[in-house]
Undergrad: 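Provided herewith is a single structure, encoded as structure tokens, for subsequent inquiry.
Nothing here was measured: the structure is a model prediction, and the numbers come from that model. Indexing begins at 1, ligand by ligand and atom by atom, following the structure's order.
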Amino acid sequence: MSGVTSTWTEPSNSPVALLLLGHGTDPASERGVDCPGDLPAPSDPGLVARATAAKAALGDRVFVLGHHYQRDEVIQFADVTGDSFKLAQQAAARPEAEFIVFCGVHFMAESADILTKPSQRVILPDLAAGCSMADMAVLGQVETAWEHFEDLGITDQIVPVTYMNSSADIKGFVGRNSGVVCTSSNAKRALTWSFEQGSKVFFLPDQHLGRNTAVLEMGFDLDDCVLYDPHKPHGGLTGEQLRNARMILWRGHCSVHGRFTIDSVREVRERVPGVNVLVHPECRHDVVRAADYVGSTEYIIRALDAAPAGSAWAVGTELNLVRRLALAHPDKQIMFLDRAVCYCSTMNRIDLPHLVWALEELVAGRVPNVITVDEKTAREARVALDQMLALP
Ligand code: SF4
């Protein structure tokens, strides 16, 4: 860890985060609108048989992707599991599949649509499966911020970087402004490249991944980072603060990983002597600093696979994944970092009834819940995705 000369306090949650996790229809949001489907009852005892039969009837025409945070009842039907980028790549590697059923959230399905052939159709079994973090960066807000940076005369110094967990139009904005997409696995490489192109980074939408990478992996000081709040005039920052900043962090966060606190870490260390604390970099800065290990979802899986028998691990990431890892490694003591339940509520919207409905619709010759990104946005977003793939 680098020498940090100042302290940082977590700002209170934005009311927007709560609104976006609610129910109902919000066409302006990244997650889209409520599912129009006539769903089978969750209590239907034949759901597993129906999903099995529909998938078999579709054969190679369908390819089912399952994000690591999905429920077991859905994951059992996935042809491949992974994080968002791995899944988009897997979809692109299956050109023979006419239908990609994406068991994940909206921005992931958009990325799959961008990376697959035009003839392939990407289906999200529940259109309301969005991402509260992606919703925290809306294109109009980001363009307003950029116009302000233009007024300050600093845009030629700034490289925009967006986390994979953002809408296609934010990726498009980054692509047309010569920036790059990053994942939690390659954020350091993306920032290193960006600081070779300019002296500042505008990091969207996850403040924690941006801050944790810059400060803990690249040696920046917390004072090099400023937090741009889209709900305040000029982001709540003075021109001088923006001119001096190296990292301009968008005020967004993951509602799931943001729930872990320093008290969760203290409590588990008291309760389980010798426990290893392993967290995702979407967690708050103080939590990541207090942990023993930090890394992406794929890193967490590999770390637990490689852990010695008998070792104890408290894991700070989504609960469906932690529970599956605990079941897969009965010789290790794997527990959730916090005592409170912490599912991703929007990921959990994809359940077996939605999957059965989507597959049976395809069998019947109807294509439900297609996620499409318009050509211009897709082209610009692809520039930022290709830049990520070309990172040294
Ligand atoms: S876990 Fe967080 S970042 Fe991932 S989909 Fe859920 S809200 Fe979004």
Side-chain angles (χ1 to χ4, degrees), residues 13-14 16-23 26 29-32 65-71 74-75 81-88 102-112 124-138 162-168 170-171 181-185 187 203-213 249-260 279-284 287-288 294-301 315-325 336-338 340-351 354 371:
N13 280 348
S14 148
V16 173
L18 297 175
L19 171 71
L20 294 170
L21 277 175
H23 296 282
D26 181 5
S29 118
E30 184 272 342
R31 68 189 166 144
L65 304 173
H67 189 272
H68 287 309
Y69 298 169
Q70 289 285 298
R71 302 161 179 255
V74 167
I75 282 287
T81 60
D83 62 14
S84 58
F85 185 62
K86 178 180 164 190
L87 291 178
F102 208 126
C103 299
V105 295
H106 192 265
F107 76 81
M108 300 177 185
E110 284 186 325
S111 297
L124 187 64
D126 185 346
L127 290 180
C131 165
S132 55
M133 180 201 286
D135 276 337
M136 289 177 199
V138 177
T162 191
Y163 189 21
M164 193 75 183
N165 301 19
S166 56
S167 62
I170 296 298
K171 292 186 181 82
V181 174
C182 75
T183 67
S184 50
S185 306
F203 195 91
L204 299 151
D206 184 13
Q207 56 167 302
H208 298 305
L209 179 64
R211 183 182 293 106
N212 290 330
T213 308
L249 304 168
W250 190 260
R251 188 174 176 174
H253 65 273
C254 168
S255 312
V256 174
H257 292 94
R259 288 185 55 168
F260 299 111
V279 301
H280 194 281
E282 287 174 21
C283 293
R284 302 166 192 225
V287 171
V288 170
V294 56
S296 65
T297 305
E298 298 287 344
Y299 170 91
I300 289 171
I301 293 168
V315 187
T317 192
E318 208 270 349
L319 185 53
N320 276 314
L321 175 63
V322 178
R323 212 168 39 79
R324 261 197 301 277
L325 287 167
F336 196 54
L337 176 56
D338 197 89
V341 172
C342 197
Y343 290 108
C344 173
S345 59
T346 48
M347 279 273 184
N348 261 13
R349 294 192 71 119
I350 310 286
D351 55 10
H354 281 89
I371 302 299

Undergrad: Using a cut-off of 2.8 Å, find all protein N, O or S atoms closer to atom 6 (Fe) of ligand 1 than that distance.
TA: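 Protein N/O/S atoms under 2.8 Å of atom 6 (Fe) of ligand 1: Cys344 SG.
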Undergrad: Would you check if the side chain of Asp206 reaches a backbone N or O of Met133 as a donor-acceptor pair within less than 3.5 Å?
TA: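 A pair under 3.5 Å: no.
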Undergrad: Quick check on His67 - does any of its heavy atoms sit under 4.0 Å from an atom of ligand 1?
TA: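 Flag not set, His67 not near ligand 1.
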Undergrad: At their closest point, which heavy atom of Pro205 faces which heavy atom of Thr162, and how far apart are they?
TA: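 Here Pro205 and Thr162 meet closest at CD-OG1, 3.9 Å.
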Undergrad: Which ligand 1 atoms, with their elements, are less than 4.0 angstrom from a heavy-atom of Glu282?
TA: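 Taking each heavy atom of Glu282 in turn, ligand 1 has 3 (S) under 4.0 Å.
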Undergrad: Before you tell me yes or no, could you show the steps for Ser255 and Met136 under side-chain contact (heavy atoms from CB on, under 4.5 Å), namely the whole-Å CA-CA distance, both residues' side-chain angles and the distance that decides it to 0.1 Å?
TA: CA-CA 11 Å; Ser255 312; Met136 289 177 199; 4.2 Å; yes
Undergrad: Is it true that Phe336 and Phe260 have ring centroids separated by less than 6.0 Å?
TA: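 Yes, the ring of Phe336 comes within the 6.0 Å limit of the ring of Phe260, centre to centre.
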Undergrad: Is the shortest heavy-atom distance from the side chain of Ile300 to the side chain of Leu325 under 4.5 Å?
TA: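 In contact.
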Undergrad: Taking Thr297's backbone N and O only, do any of them form a donor-acceptor pair with Asp83's side chain (distance below 3.5 Å, no angle check)?
TA: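 It does not hold such a pair.
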Undergrad: Identify the heavy atoms of Thr346 and Cys131 that sit nearest to each other, and give their distance.
TA: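 Heavy atoms of Thr346 and Cys131 come nearest at OG1-CA, 4.2 Å.
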